[in-house]
Amino acid sequence: MAFPAKQPQPFHQRPIAALKGVGPSIAAKLEKLGLRTAFDLLLHLPLRWQDRTRITPIGALVVGDSCVVQGEVLHSEITIRKRRMLLVQISDGTGMRLMLRYFRFSKAQQDNLPRGKVVRVFGEVRRSAVGFEMIHPEVRSISEDKPLALEASLTPVYPATEGLSQNKLRSLIEGLLVELRQKPALLHDPLPATARQQAPACSLVEALLNLHQPPPDVSQRPLLAGETQWQQRLAFDELLAHALSMQQRRAMAHSQQGVALARVSTQRQQFLAGLGFTLTSAQQKVAATIEDDLTRPQPAMRLVQGDVGSGKTVVAALAALQAIANGEQALLMAPTELLAEQHAANFNKWLAPLGVEPVLLRGRSKKAEREAAYAAPMVVGTHALFQADMAFKNPAVVIVDEQHRFGVHQRLALRDKREDGRLPHQIIMTATPIPRTLAMTGYADLDYSVIDELPPGRQPIKTVVMANERRLELAERIGAACAAGEQAYWVCTLVEESDALQAEAAEDAASWLAEQLPDVRVGLVHGRLKPEQKELVMQAFKAAELDLLVATTVVEVGVDVPNASLMIIENAERLGLAQLHQLRGRVGRGSRQSHCVLTYQAPLSENAKTRLNTMRDTTDGFAIAEADLKIRGPGEVMGTKQSGEMNYKVADLERDRHWLPVVKDLALELLNQEPAAATILVERWMGAKTQYADVG
Ligand code: ADP
Ligand code: MG
């Protein structure tokens, strides 16, 4: 019986261990580089390229380049100056000599380089005392009867790992390239013609062949910068694949059953009338969008961005109201217990006219208290609490406040199902603005609204940066401010995460300040205080019974005391931009001119200098987020570095951001019209990464 001819598998379905020349040990090493399929290996692009395609005359060498030189050995000797070494001079008749320098060499190597022999060498050109030299170049001898061919293309240098040599990688990839050249259909371009018009004008196969083996005349600068058509084509496909998988998640979420919540105009009017202020038009717009979302039978997933102090809480409360007034349940998750308490107090005040009393869940809440919360109309607690095993009966609206470090993975896991199996609407309020680029990639599965306006009367906070030594001067300033009826925060920072050490530092600062400022009423909060103690101090500060609040970074997010107008952050160089912006956002919440003082311990690193200058120069959260992205990179900013969600193989969000709007639209189009193409792209580029779309 004849077997049918075996069809070669597409590259992205071919496990790397199935490749010729890959045994279990090599497979393990490839895996370490994140390479699991033949397609991954094809995408293992060179870090740089060597030019072995031409011979450079010694007279034309440029220091720093790696070149091929061919010449005759003029002189060869072993010297023992500082170190024993072999020195070989070669000449190619261009009038200059090239020195080859070997610190490690065998007798055979020396014998191989006798005077008069013609050799071809490859190495990096360095300046020497008398001209040019190469250290430990590769050498091959030339003889008339067997001429040595030059390479036809640039030579790739791959990211390698221990036990996996350049040569091994080159030969494995070369094997795939040979196959690709013979059967380009193995990597067919899934994009329909109309879509291809929007992509860089080069095929996938062309891109890969040229990146692994660039033609000799290519200019290396754009190649190294990732700006060639070839790299751009791959980046385009990769960004498109990411956009597709995001859209797929979104479609999946939308295909689920949600809870349609009718508008509750009467209660809404009543709520707004009791606020004591009018919503800004930005708040009104976002609140109306959410109101609309909630009336639909599909579960909403909306990200609400708004700078610190823009008034996100009220918007969240309106969403909660819509659930409660429909007889359903609303959950509000805050990042800290302090903030959960503040929210519970606010919601209590706001919802009292409706006869609803929010249940506050704390870390220490007893089992019975938790169980009582399962059916309560409104529950407030920390993120951590809600992630624990809780069995809420009928959440219809889940609000995640001041959150932006959650990746897609956790986001989906948070979506508790209701008893009836339907999914609640979810609204995420971000703590810090997210740069547009990131929002378009990391959060593309969410709907997106911005509260782009601050309540009226706010004045931009004035920020100064000063060295720690001027502490005494600062204390005087606090004294003067408090005497004038202002309130101030003094935030102590420590690099250690230890609560105990942080608490100690805050205690020291508080007692020093109390000593310096006998007329100032000083309070202290840190993570080691019991929750009731924390609450008492916060309430006293809120009621202006304390003038100065010394705190650890527990006051980082959300805390709202509008009368406070002076913020001092000690050792601000230790904190990241997002954190500094959040902390500073504790002031500037009233109509009074607010000030922020950032003190630092010299010497400052370059990054720290940039951070402090950014803080001094702007209060705009979006500008700060952009600066943060530049300093830390997308993975860190999104907190997804470990989870690998935002790790791109080829694309660079900064360099390639111009593709983002294009791929976003194209992704929608493909999903509707070319689902097969979409599947191939996602499989190729995302591979195993897409699996956790099932979570939740
Ligand atoms: P954030 O967006 O940082 O969460 P909050 O919701 O805590 O901001 O609001 C900041 C402060 O502004 C609070 O004291 C809040 O009561 C007040 N506030 C919110 N909206 C308005 C408004 N439209 N007019 C006046 N004050 C407002
Ligand atoms: Mg808030």
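Every number for a ligand or one of its atoms is a count from 1 in the order of the listing. When reading the values below, keep in mind they use all heavy atoms of this one structure, side chains included, and skip hydrogens, waters and symmetry mates. Model, not experiment: these values are computed from the prediction.
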Side chain, backbone, both or neither: E453 near ligand 1, heavy atoms under 4.0 Å: neither

R458: numbered ligand 1 atoms lying under 4.0 Å from its heavy atoms: 11 (C), 12 (O), 17 (C)

Within-4.5 Å side-chain heavy-atom neighbours: S281 and E453: yes

Atoms in ligand 1 flagged as close to P562, the criterion being non-hydrogen separation under 4.0 Å: 14 (O)

Non-hydrogen side-chain atoms of T599 and R470 separated by less than 4.5 Å: no

Validation row: V264, N326 side chains within 4.5 angstrom (heavy atoms): yes

V308 neighbourhood, listing ligand 1 atoms whose heavy-atom distance to it stays under 4.0 Å: 3 (O)

Protein residue, atom and distance nearest to atom 3 (O) of ligand 1, heavy-atom basis: G309 N, 2.7 Å

salt_bridge(R471, E570) N-O dist < 4.0 Å: yes

For A623, side-chain contact (heavy atoms from CB on, under 4.5 Å) partners two or more places apart: T618, D620

Pairing of E473 and R477 as salt bridge, 4.0 angstrom limit: no

Parallel, tilted or perpendicular: rings of F392 and Y374 (30°, 60°): perpendicular

Atom 4 (O) of ligand 1 [closest protein heavy-atom partner, distance rounded to 0.1 Å]: E402 OE2, 3.4 Å

Neighbour count >12 (heavy atoms, 6.0 Å) for atom CD, Q593: yes

Listed protein N/O/S atoms, distance to the Mg ion (ligand 2) under 2.8 Å: E402 OE2

Candidate with minimal heavy-atom separation from atom 14 (O) of ligand 1, of I451, D560, N346: D560

Taking atom 18 (N) of ligand 1 as the reference point, the nearest protein heavy atom with its distance: F277 CZ, 3.8 Å

Minimum non-hydrogen distance to atom 19 (C) of ligand 1, winning option of G311, S281, G590: G311

Lys/Arg N to Asp/Glu carboxylate O, R589 vs D560, below 4.0 Å: yes

Option from L279, I451, V450 for which side-chain contact (heavy atoms from CB on, under 4.5 Å) with V286 holds: I451

Proximity to ligand 1 by part of R589, non-hydrogen separation under 4.0 Å: side chain

Any side-chain donor near an acceptor of the partner, R592 and N563, under 3.5 Å: yes

Residue portion contacting ligand 1 (non-hydrogen atoms closer than 4.0 Å) for M429: neither

Pair K542 + E341: basic N to acidic O under 4.0 Å: no

Subset of ligand 1 atoms that lie under 4.0 Å from at least one heavy atom of T313: 4 (O), 5 (P), 6 (O), 7 (O)

Atom 20 (N) of ligand 1: nearest protein contact (heavy atom, Å): Q283 NE2, 2.9 Å

Charged N-O contact under 4.0 Å between E507 and R528: no

Proximal ligand 1 atoms for P455, defined as those under 4.0 Å from one of its heavy atoms: 20 (N), 21 (C), 22 (C), 24 (N), 25 (C), 26 (N), 27 (C)

Residue part near ligand 1, for T278, under 4.0 Å between non-hydrogen atoms: backbone

Contacting atoms of ligand 1, where contact means under 4.0 angstrom from a heavy atom of D307: 2 (O)

Parallel, tilted or perpendicular, as decided by the 30° and 60° cut-offs, for the rings of F347 and W350: tilted

Which of the ligand 1 atoms, numbered from 1, are nearer than 4.0 Å to a heavy atom of T280: 23 (N)

Charged N-O contact under 4.0 Å between E337 and K534: no

Contacting atoms of ligand 1, where contact means under 4.0 angstrom from a heavy atom of L279: 23 (N)

